[in-house]
Engineer: 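Below you'll find the structure I mean.
Since we're looking at a predicted model, the values are computed, not measured. Counting starts at 1 for both ligands and their atoms, following the listed order.
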Amino acid sequence: MSRGANNTTNTDPSHAKMVESILPLLGLRGVSPLYGFIGSWLGLEPSLLLTALGMIWAFNKLSRQLYSYMHAIVVQHFMSSVHIRNPDDIYTHLIKWLATQPRLVNSRSLMAETSSKEAWEDEDASNVTRDKSGFYLNFSNQEAKSPAQYVPAIGLHGFWWRGHYFTLTRKREIVFAEGSSRAFREHEDITISCFWRSPQPIKQFLAHIKEVYYSNHQARTIVKRPSRLSNPRYGGRGNWLQVANRPVRDIRTVVLDEDQKLKVLADINEYLHPETPRWYANRGIPLRRGYLFHGPPGTGKTSLSFALAGIFGLDIHVISLLEPSLTEEDLSGLFASLPRRCIVLLEDIDTAGLRRPPPVKPEDDDEGGGPAHAPRRSPRAHTNNNNAAASTTNTNTNATAPHDWKVSDLARALKKDDKSEQRTGISLSGLLNAIDGVASHEGRVLIMTTNLPNQLDDALIRPGRIDLQVAFTNATRDQARELFVRMYEGDPRPRRRGKAATTTSSSTTATGPPKGGDEKAVENGSAGEAANVMETDGLDIRMAELPEVARQFSVKVPDGELSPAQIQGYLLKRKKHPRKALEEADAWVEGLMKQKVLRSNVLEVQ
Ligand SMILES: Nc1ncnc2c1ncn2[C@@H]1O[C@H](COP(=O)(O)OP(=O)(O)OP(=O)(O)O)[C@@H](O)[C@H]1O
């Protein structure tokens with residue numbers, strides 16, 4: 001007998017018949033033969049199978065609901081969370097920390113990132129190869145050699161830290177950026193949670209990663225610029241983005257009149273003192289301090305700003321008012337989101353076009369006049385205006401020409417265009433509002449630099465906005481001597497010496513690759529020479545001679561004619577050769593003076 005026939009005997013025929021008679025009533029007449037077939041083939045009542053499947057489905061549904069209910073209770077009563085938004089600093093700290101903890105975040109879903117080194121990061125000289133001649137350094141395949149770094153990908157991850165289990169959820173969302181850019185942008189958000197009724201373990205964890213980050217960044221100056229991402233909280237751009245992290249500039253390397261330097265240092269030191277806010281508050285004075293560094297190009301204005309940031313351990317926030325997409329709203333948002341103590345650097349403020357515009361002539365004013373501080377003109381707008389003006393003049397002089405009305409119409413149209421452009425960008429009043437309006441940030445140090453102090457609007461530099469002016473001048477003879485000594489004196493830091501580069505050459509000459517003199521002596525194995533190297537530090541003079549050579553050099557430099565940047569540039573080209581620098585100084589100075597007279601940009605002697 002067939003298997004099917006055998007199985008049919010195992011089913012309850014009365015029950016099967018009952019189901020088969022119900023199916024036509026339910027309109028499932030065609031199903032009853034199938035029902036009978038399945039029953040006989042499986043050897044059991046199909047309704048039992050259906051019941052079992054239904055129970056599994058119901059159990060699954062129930063357990064899922066129970067799980068989400070329990071999860072909600074656990075999250076609500078036993079878990080804490082902290083959200084971190086990009087581009088907040090903590091986000092950067094966390095991602096950097098996670099990248100260094102491959103074992104901790106034991107996830108199978110990772111995001112690989114290229115880990116490029118920053119310009120100022122220490123490198124092991126032994127990892128740098130040279131070309132076949134052994135003369136030139138070669139950095140080919142540099143990126144290929146650096147290992148990728150891995151961070152948790154978008155999604156849910158878990159990790160243990162100091163006895164606590166944390167979950168990390170990384171999310172990405174697309175948001176519409178309000179403000180000047182008005183575009184869709186990506187935002188990332190990380191949520192860290194832990195099984196604890198208070199967020200204390202998360203706070204400790206975040207404090208730890210912050211500490212780790214800054215322990216690696218001591219003696220560094222962090223430079224920030226406005227981020228292109230908008231911050232919805234401020235309805236526009238209010239975020240700062242770290243763009244550089246460079247070694248602190250030693251204030252001694254900025255050659256400046258010592259009294260001026262000390263005056264600025266003492267002033268900022270007093271201003272940053274923790275008791276100063278109360279003193280200011282008691283007298284109703286806004287807690288702000290502004291400095292104007294003015295002088296010719298290359299005289300150390302930016303250098304001093306960085307040195308001050310290094311001394312006081314402050315971050316530098318650099319704003320360029322010429323950035324076309326920066327609006328007044330953005331500027332207010334940026335000032336509002338500054339940290340408690342920091343330096344805000346507004347460079348070359350004279351070029352930002354913030355002067356008050358001349359009063360508008362009634363005939364020019366199609367829209368019935370403007371505000372006292374009309375918005376600034378962008379350089380393009382200015383050109384347009386000049387063109388427009390030129391066109392208008394043309395129109396007047398050729399009043400009889402048959403198609404003049406078209407030219408003047410065009411000029412007027414351009415002018416209108418120009419006026420609509422004026423409404424973008426930063427106006428003087430917008431800047432003044434941002435730096436010391438009622439809602440403006442207090443506690444920051446504001447430094448403005450300019451080459452042309454006399455072209456600045458009085459309102460911008462009035463006391464209260466600018467509290468101290470520091471004049472920078474071309475180098476005096478004494479300063480030239482100091483620059484010379486600083487260039488050639490020994491390196492104060494212990495020299496990090498890697499093993500010799502992978503390819504070496506015996507054909508190294510005096511003009512060859514930059515090798516420290518002590519390295520040469522070690523190669524030659526001569527103790528006498530090593531001692532000599534100590535005396536010369538690889539220079540073409542002995543260290544003891546340096547002050548006298550510097551003095552002789554300074555005599556050749558005309559007082560107050562050359563900028564420190566020019567002197568530095570000349571000496572840099574003779575990095576190991578102070579004697580040569582002294583010998584060639586006359587020709588160099590003569591060339592520069594000639595260049596000045598001819599108003600040429602071409603250097604004869606460099
Ligand atoms: N007083 C100085 N002491 C030491 N180095 C200086 C000094 N002035 C200029 N330099 C050097 O010249 C270069 C340019 O200097 P810096 O950018 O500070 O000049 P600046 O006055 O800000 O110029 P600009 O007005 O063109 O912005 C830097 O490399 C700096 O090291």
Side-chain angles (χ1 to χ4, degrees), residues 119-120 221 223 225 243-244 246-265 290-311 314 316-323 343-354 445-456 460-461 466 468-489 491-492 546 550 553-554 557-575 578 581 588 592 596 601 603 606:
W120 296 102
T221 300
V223 185
R225 279 189 183 277
V243 288
R246 47 198 291 187
V248 159
R249 173 144 193 177
D250 189 338
I251 190 111
R252 285 172 308 162
T253 66
V254 183
V255 176
L256 184 69
D257 174 57
E258 208 56 26
D259 284 348
Q260 292 231 62
K261 221 195 262 185
L262 291 176
K263 215 194 242 176
V264 183
L265 280 170
Y291 300 84
L292 180 71
F293 292 177
H294 62 88
T299 47
K301 301 178 289 295
T302 312
S303 304
L304 183 65
S305 308
F306 274 87
L308 290 171
I311 277 211
L314 300 174
I316 286 207
H317 294 68
V318 186
I319 305 178
S320 167
L321 297 177
L322 286 174
E323 199 193 308
I343 290 182
V344 181
L345 184 61
L346 293 177
E347 281 207 283
D348 301 322
I349 193 85
D350 53 289
T351 59
L354 289 164
V445 172
L446 176 69
I447 299 179
M448 297 188 209
T449 72
T450 178
N451 298 145
L452 304 163
N454 292 330
Q455 292 203 3
L456 297 181
L460 187 61
I461 55 169
I466 292 297
L468 193 65
Q469 295 193 4
V470 183
F472 289 72
T473 55
N474 282 333
T476 59
R477 289 217 162 99
D478 271 351
Q479 287 171 345
R481 185 180 50 75
E482 205 177 329
L483 282 165
F484 193 95
V485 172
R486 292 249 171 268
M487 180 64 69
Y488 297 113
E489 71 186 353
D491 196 343
L546 183 58
F553 174 79
S554 70
V557 176
D559 213 21
E561 289 290 338
L562 307 182
S563 71
Q566 282 174 308
I567 298 174
Q568 178 186 281
Y570 170 76
L571 297 179
L572 259 179
K573 290 184 198 94
R574 293 146 185 90
K575 216 167 130 208
W588 168 65
L592 279 182
K596 244 186 179 180
N601 283 335
L603 286 171
Q606 298 191 49

Engineer: Regarding atom 21 (O) of ligand 1: of the candidates E482, R486, K301, which has the closest heavy atom?
Structural biologist: K301
Engineer: Under 3.5 Å, N or O to N or O, is G300 touching ligand 1 that way?
Structural biologist: yes
Engineer: Which protein heavy atom lies closest to atom 4 (C) of ligand 1, and at what distance to 0.1 Å?
Structural biologist: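 Result: T253 O, 3.1 Å.
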Engineer: Give the numbers and elements of all ligand 1 atoms closer than 4.0 Å to a heavy atom of V254.
Structural biologist: 3 (N), 4 (C)
Engineer: Tell me, which protein residue and heavy-atom name are nearest atom 14 (C) of ligand 1, and how many Å apart are they?
Structural biologist: A565 CB, 4.1 Å
Engineer: Do other residues, nucleotides or ligands put more than 12 heavy atoms under 6.0 Å from K596 NZ?
Structural biologist: yes
Engineer: Has ligand 1 got any nitrogen or oxygen that is less than 3.5 angstrom from a nitrogen or oxygen of S303?
Structural biologist: yes
Engineer: Give the residue, atom name and distance (to 0.1 Å) of the protein heavy atom nearest atom 6 (C) of ligand 1.
Structural biologist: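 I find the closest protein heavy atom is P564 CB, 3.8 Å.
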Engineer: If you round to the nearest 0.5 Å, how far is OH of Y291 from CG of L304?
Structural biologist: 11.0 Å
Engineer: Supply the atom-to-atom distance Q469 CD to T450 OG1, rounded to the nearest 0.5 angstrom.
Structural biologist: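 OG1 of T450 is found 10.5 Å from CD of Q469.
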Engineer: Students should be able to answer this: which protein heavy-atom is nearest to atom 11 (C) of ligand 1, and at what distance?
Structural biologist: Q568 OE1, 3.2 Å
Engineer: For T449 and ligand 1, answer yes if some heavy atom of the residue is under 4.0 Å from a ligand atom, otherwise no.
Structural biologist: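 Judged by the 4.0 Å heavy-atom criterion, T449 does not count as contacting ligand 1.
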Engineer: Pick, from Q479, R252, R249, the option with the minimum heavy-atom distance to atom 5 (N) of ligand 1.
Structural biologist: R249
Engineer: Does a side-chain heavy-atom distance below 4.5 Å link F484 with S554?
Structural biologist: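 They are not in side-chain contact.
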Engineer: Within a distance under 4.0 Å of any heavy atom of L483, pick out the atoms of ligand 1 and give their elements.
Structural biologist: 4 (C)
Engineer: So D348 and L322, do their side chains get closer than 4.5 Å, heavy atoms only?
Structural biologist: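 They are not in contact (no side-chain heavy atoms under 4.5 Å apart), so the answer is no.
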Engineer: With a 4.0 Å cut-off on heavy atoms, is N451 touching ligand 1?
Structural biologist: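 N451: in contact with ligand 1 (<4.0 Å).
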Engineer: Do any N/O atoms on G298 end up under 3.5 angstrom from N/O atoms on ligand 1?
Structural biologist: yes
Engineer: With a 3.5 Å cut-off and no angle check, do the side chains of R249 and T221 form a donor-acceptor pair?
Structural biologist: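 Checked: R249/T221 side chains show no N/O donor-acceptor pair below 3.5 Å.
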Engineer: Quick one: do M487 and L572 satisfy side-chain contact (heavy atoms from CB on, under 4.5 Å)? Show the steps, please.
Structural biologist: CA-CA 8 Å; M487 180 64 69; L572 259 179; 4.1 Å; yes
Engineer: Any heavy-atom pair between the side chains of F306 and V254 that's under 4.5 Å?
Structural biologist: no
Engineer: May I ask you to identify the nearest protein heavy atom to atom 27 (O) of ligand 1, giving residue, atom name and distance to one decimal place in Å?
Structural biologist: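 For atom 27 (O) of ligand 1, the nearest protein heavy atom is T302 OG1, 3.9 Å.
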Engineer: Students often mix this up, so state it plainly: with edges at 30° and 60°, are the rings of Y570 and F553 parallel, tilted or perpendicular?
Structural biologist: parallel
Engineer: Would you mind telling me if ligand 1 is within reach of the side chain of K261, the backbone, both or neither, using heavy atoms under 4.0 Å?
Structural biologist: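 Near ligand 1, K261 shows nothing, with every heavy atom at 4.0 Å or more.
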Engineer: What do you reckon, does L304 put a non-hydrogen atom under 4.0 Å from ligand 1?
Structural biologist: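 Under 4.0 Å: no for L304.
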Engineer: Contact between I251 and L265 at the side-chain level, heavy atoms closer than 4.5 Å - yes or no?
Structural biologist: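 Result yes, sub-4.5 Å side-chain heavy-atom pair found.
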Engineer: Any side-chain heavy atom of S305 sitting closer than 4.5 Å to one from I447?
Structural biologist: yes
Engineer: Does ligand 1 come near enough to V255 that some N or O of the ligand is less than 3.5 Å from an N or O of the residue?
Structural biologist: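 Yes, at least one N or O pair falls under 3.5 Å.
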